[in-house]
Every structure is written in structure tokens, then in C-alpha cells.
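In each ligand, atom 1 is the first atom listed, and ligand 1 is the first ligand listed.
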Amino acid sequence: MKNISIIGSTGSIGTQSLDIVRANKDLKVVALAAGSNDKLLLKQAMEFKPDIIGIWDEDKASELRTALSEFDIRIVSGMDGLIEVASYVKADIVITAIVGMIGIRPTVEAIKAGKDIALANKETLVTAGHIIMPLAKEYNVKILPVDSEHSAIFQCLHGEEDNKISRLLITASGGPFRGKTREELADVTVEDALKHPNWSMGHKITIDSATMVNKGLEVIEARWLFDVKPSDIEVVVQPQSIIHSMVEFEDGAVKAQLGTPDMKLPIQYALYYPERRYLAGDRLDFTKMNGIVIDKPDKDVFKGLEFAYNALEKGGSMPTVFNAANEEAVALFLNRKIKFLEIYDIIEKCMEEHKLIPNPTLEDILNIQKEINECIKSKY
Ligand code: NAD
Ligand code: MG
């Protein structure tokens with residue numbers, strides 16, 4: 001029996017993780033946490049009967065205590081609650097399905113408590129990869145990628161531990177606006193940007209896919225997960241989302257992982273690594289495919305990639321600035337306070353104005369996030 005804790009259980013990755021638990025008798029949910037969806041969290045608590053649940057808001061926690069009074073479930077709230085859920089003593093593995101830099105502290109505490117991490121929350125690795133990866137090594141815990149591209153690379157690298165990687169080829173779908181010019185993007189709406197062609201995901205990552213900031217974040221995520229030089233990470237567009245990513249080795253051989261676009265596969269792979277299990281769902285039918293398309297990304301229009309490579313080159317606190325500015329800008333766009341292209345302007349300005357901290361501590365990272373939040377809030 002593997003005991004699982006999930007932070008962000010009511011979101012896209014969280015609910016699909018629970019589908020995996022439903023389909024496998026040897027997985028048990030021992031702790032769950034969510035942000036604001038108390039109704040769904042209540043349902044999940046009644047179905048899975050974890051020992052602890054956490055909800056951000058203390059008033060909602062108090063209501064949940066009443067609703068769940070007949071169950072033996074501890075109900076916690078706020079950051080302390082999130083940390084308690086992430087580091088719960090009975091959990092073997094924590095799925096970090098929470099969105100944004102709020103995942104940093106619970107992830108750090110989970111590692112210190114000796115939990116393996118099934119990592120979906122890429123923002124944590126982007127901003128604190130230089131802290132997370134050595135910490136995981138120190139505490140001898142695994143960081144198992146859930147992001148589909150990184151899971152693909154991880155699957156390709158299985159059995160290749162002693163071989164040298166020459167390049168990582170990260171695939172991008174190109175999002176809903178692939179092929180569009182800057183002029184055409186000037187007036188796109190929130191609804192347009194939320195129409196992802198292949199994946200159904202949370203709002204924030206769907207907007208990140210439309211700007212290709214998501215791919216930028218994934219380049220930085222890959223740099224930390226696989227310890228490769230940024231110049232050895234290339235992004236290619238694969239609009240069908242069938243090739244989930246590829247690895248090129250020293251001898252020129254390229255390994256790829258393919259499959260239908262279904263996040264349950266990477267989630268399940270992380271939970272059972274290195275074992276594979278049956279997973280229900282569609283299979284690829286190559287006879288019905290009209291070729292596999294691979295294209296170059298349009299880096300001039302979709303500046304998310306350029307920002308990421310710049311942030312990696314500057315290093316230190318710059319990836320934090322890139323990510324924190326994006327989190328704020330995406331929230332403004334979703335709240336219809338700014339236009340789509342202004343997301344790029346905000347990120348660019350924050351990165352230009354930032355005074356680099358070469359080796360930021362956790363405190364520095366969280367302070368930068370706070371400063372950026374306050375700075376952007378004061379302007380919009
Ligand atoms: P989502 O918006 O659907 O879900 C986010 C979850 O985080 C929700 O359960 C929400 O309640 C929880 N949350 C937010 N604020 C919280 C708080 N203050 N306290 C506790 N919980 C809080 O997002 P998602 O699409 O599932 O993405 C989650 C993470 O996984 C992101 O980092 C994203 O980049 C990454 N990811 C997602 C996908 C995908 O297919 N959805 C794919 C790859 C990577
Ligand atoms: Mg991805």
C-alpha cells in the first residue's frame with residue numbers, strides 16, 4: 001500500500017490523481033489540501049476518508065469541521081495547514097498539484113519530512129530549483145516529474161543512467177494561437193486564450209500555454225530536473241501533442257515517448273515509478289494519423305521562451321522574477337484588467353528593473369514575489 005498526500009486536490013491534476021487512486025487498490029489517500037473549492041474537498045474527504053484535510057481559508061475550515069463532525073478527520077487551514085498536509089507522517093509520496101509559488105514552502109517541508117515528490121507544481125522548481133534539487137539529494141527523496149514533457153524525458157532516460165545526454169527536445173503544442181501574428185493577438189479575449197487545442201487544464205497553465213511562457217517555465221524545470229545546460233535544451237512545436245518530448249544521446253540516437261494527450265499517464269508513472277501499470281484510455285492509432293508534424297516555435301511573437309532563456313542566463317533570482325511577474329500578469333489578464341500582449345510587457349519590465357541576487361535564499365525568493373506582487377498591484 002502506498003500512502004499519498006495531495007496538495008491541490010480539487011484542480012485538474014489533483015482530480016486526475018484521485019482517478020488514478022480510484023483505479024488502483026494499492027493506493028491510499030491520507031491527506032488532501034485545496035485552495036477555495038470547499039464543496040469538492042468535502043466530497044473528496046467523504047469518499048477517500050483521509051486523516052487530514054487542509055483548506056486555505058480558516059472560515060471554510062471551520063465549516064468543514066461541522067460538516068465532517070462524524071468523521072475522524074483533522075481539518076487544518078492556511079500555510080501551516082498546507083505544510084501539515086504536505087509533511088504528514090503517514091504519507092510516502094506527495095503530489096504537488098497546487099498552482100504557483102505558494103507550493104514552495106510545502107514542497108520544501110515535504111522533502112525535509114522524507115517524502116518523495118510527484119511534482120506537477122513547476123513554479124516551485126523554476127524559482128527554487130537550486131534549493132529543491134540539493135535538498136532532495138540530502139534527504140534522499142525522489143523528485144518524480146508529473147509535467148508530461150518531463151515525464152516523457154524521465155521515461156526515455158530510464159536505463160540510460162550512465163549515458164550522456166546531448167540534447168533534450170521539449171515538445172510544445174503551440175497553444176491556441178499558433179501561427180498568429182502580434183497584430184492578431186492584440187485583442188484576443190480570455191475565452192479565446194482558454195481554448196487549448198489538446199489539453200484541458202487549470203486556467204493559469206492554459207494562459208501560460210497560449211503565451212508559451214509555460215514552455216519557458218518547462219525549459220527551466222528541465223534544467224533542474226535533468227541537470228543539463230540551457231543551450232542543450234531545445235523546444236520544438238508538435239501541434240498534435242503526441243510526442244511528449246525526446247532525448248538525443250551522444251551517438252545521435254533520439255528516444256521519444258509518445259501517447260495520447262492524457263495527464264493520467266505521467267501521474268501514474270510518477271506514483272509507481274519505475275513500474276508500469278494498466279491505464280484505461282485511448283491508444284494511438286498510427287494508421288489514422290496523417291503524419292507527425294514537427295515545427296519551429298515562433299520566438300518573436302511568443303516571447304515566453306526568450307524570457308526563460310534570458311532568466312537562465314542571468315541565473316540567481318531572475319527565474320523567480322520571470323515566474324512571479326507572469327503569475328501576477330496572468331491573474332490580471334484572467335480578471336480582464338490587461339490585454340493579452342501586456343503579459344509580455346509586464347514580465348519584460350520586471351526582469352529589466354530587477355537587481356539580481358546571485359544565489360537567492362528561500363526568504364529572498366518569497367520577498368521578491370511579494371515585491372513584484374505589490375509593484376504590479378500598485379500599477380493596475
Ligand atoms: P488548477 O488551477 O486546476 O488546480 C490548482 C489546485 O491548487 C486547486 O486544487 C486549488 O484549490 C489549489 N490551490 C490553489 N491555491 C491554493 C492555496 N492557497 N492553498 C491550497 N491549495 C491551493 O491547476 P492545474 O492545472 O491542476 O495545475 C496545477 C499545477 O500543475 C501547476 O503548477 C501547473 O503548471 C502544473 N501542471 C498542470 C498540468 C495540467 O494538465 N493541468 C500539466 C502539467 C503541469
Ligand atoms: Mg507540460
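- Looking at D26 and Y272, their side chains do bring a donor and an acceptor atom within 3.5 Å of each other.
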Problem - salt bridge (Lys or Arg N to Asp or Glu O under 4.0 Å) evaluation trace for E218 with K215 - result: CA-CA 5 Å; E218 290 183 354; K215 219 41 62 176; 2.7 Å; yes
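- Defined by atom type and a distance below 3.5 Å, a donor-acceptor pair is missing between the side-chain atoms of S245 and E149.
- Distances from the Mg ion (ligand 2) to the N/O/S atoms of D147 are shortest for OD1.
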Practice task
Report the C-alpha separation of I376 and K379 in whole Å, then their side-chain angles, then the decisive distance to 0.1 Å, and conclude whether the side chain to side chain contact (heavy atoms under 4.5 Å, CB included) test is met.
Solution key: CA-CA 5 Å; I376 295 178; K379 289 185 186 150; 5.9 Å; no
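- The atom of E149 nearest to the Mg ion (ligand 2) is OE1, with the search restricted to N, O or S atoms.
- The name of the N, O or S atom in E218 nearest to the Mg ion (ligand 2) is OE2.
- With ring centers used as reference points, F177 lies under 6.0 Å from F340.
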Can you give me a line-by-line list of nitrogen or oxygen pairs between ligand 1 and the protein shorter than 3.5 Å?
{"from": "ligand 1", "atom 1": "3 (O)", "to": "S12", "atom 2": "N", "distance (Å)": "2.9"}
{"from": "ligand 1", "atom 1": "9 (O)", "to": "G8", "atom 2": "O", "distance (Å)": "3.2"}
{"from": "ligand 1", "atom 1": "9 (O)", "to": "T10", "atom 2": "N", "distance (Å)": "3.1"}
{"from": "ligand 1", "atom 1": "9 (O)", "to": "T10", "atom 2": "OG1", "distance (Å)": "2.7"}
{"from": "ligand 1", "atom 1": "9 (O)", "to": "G11", "atom 2": "N", "distance (Å)": "2.9"}
{"from": "ligand 1", "atom 1": "11 (O)", "to": "T10", "atom 2": "OG1", "distance (Å)": "3.1"}
{"from": "ligand 1", "atom 1": "11 (O)", "to": "G35", "atom 2": "N", "distance (Å)": "2.7"}
{"from": "ligand 1", "atom 1": "21 (N)", "to": "G35", "atom 2": "N", "distance (Å)": "3.0"}
{"from": "ligand 1", "atom 1": "25 (O)", "to": "G202", "atom 2": "N", "distance (Å)": "2.8"}
{"from": "ligand 1", "atom 1": "26 (O)", "to": "S12", "atom 2": "N", "distance (Å)": "3.2"}
{"from": "ligand 1", "atom 1": "26 (O)", "to": "I13", "atom 2": "N", "distance (Å)": "2.9"}
{"from": "ligand 1", "atom 1": "30 (O)", "to": "A120", "atom 2": "O", "distance (Å)": "3.4"}
{"from": "ligand 1", "atom 1": "32 (O)", "to": "E123", "atom 2": "OE1", "distance (Å)": "2.7"}
{"from": "ligand 1", "atom 1": "41 (N)", "to": "S12", "atom 2": "OG", "distance (Å)": "3.0"}

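- S241 and N198 form a side-chain donor-acceptor contact under 3.5 Å, judged by distance and modelled atom types alone.
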Practice task
Show the numbers, then the answer: is there a side chain to side chain contact (heavy atoms under 4.5 Å, CB included) between Q155 and R276?
Solution key: CA-CA 10 Å; Q155 292 175 57; R276 288 190 189 274; 2.9 Å; yes
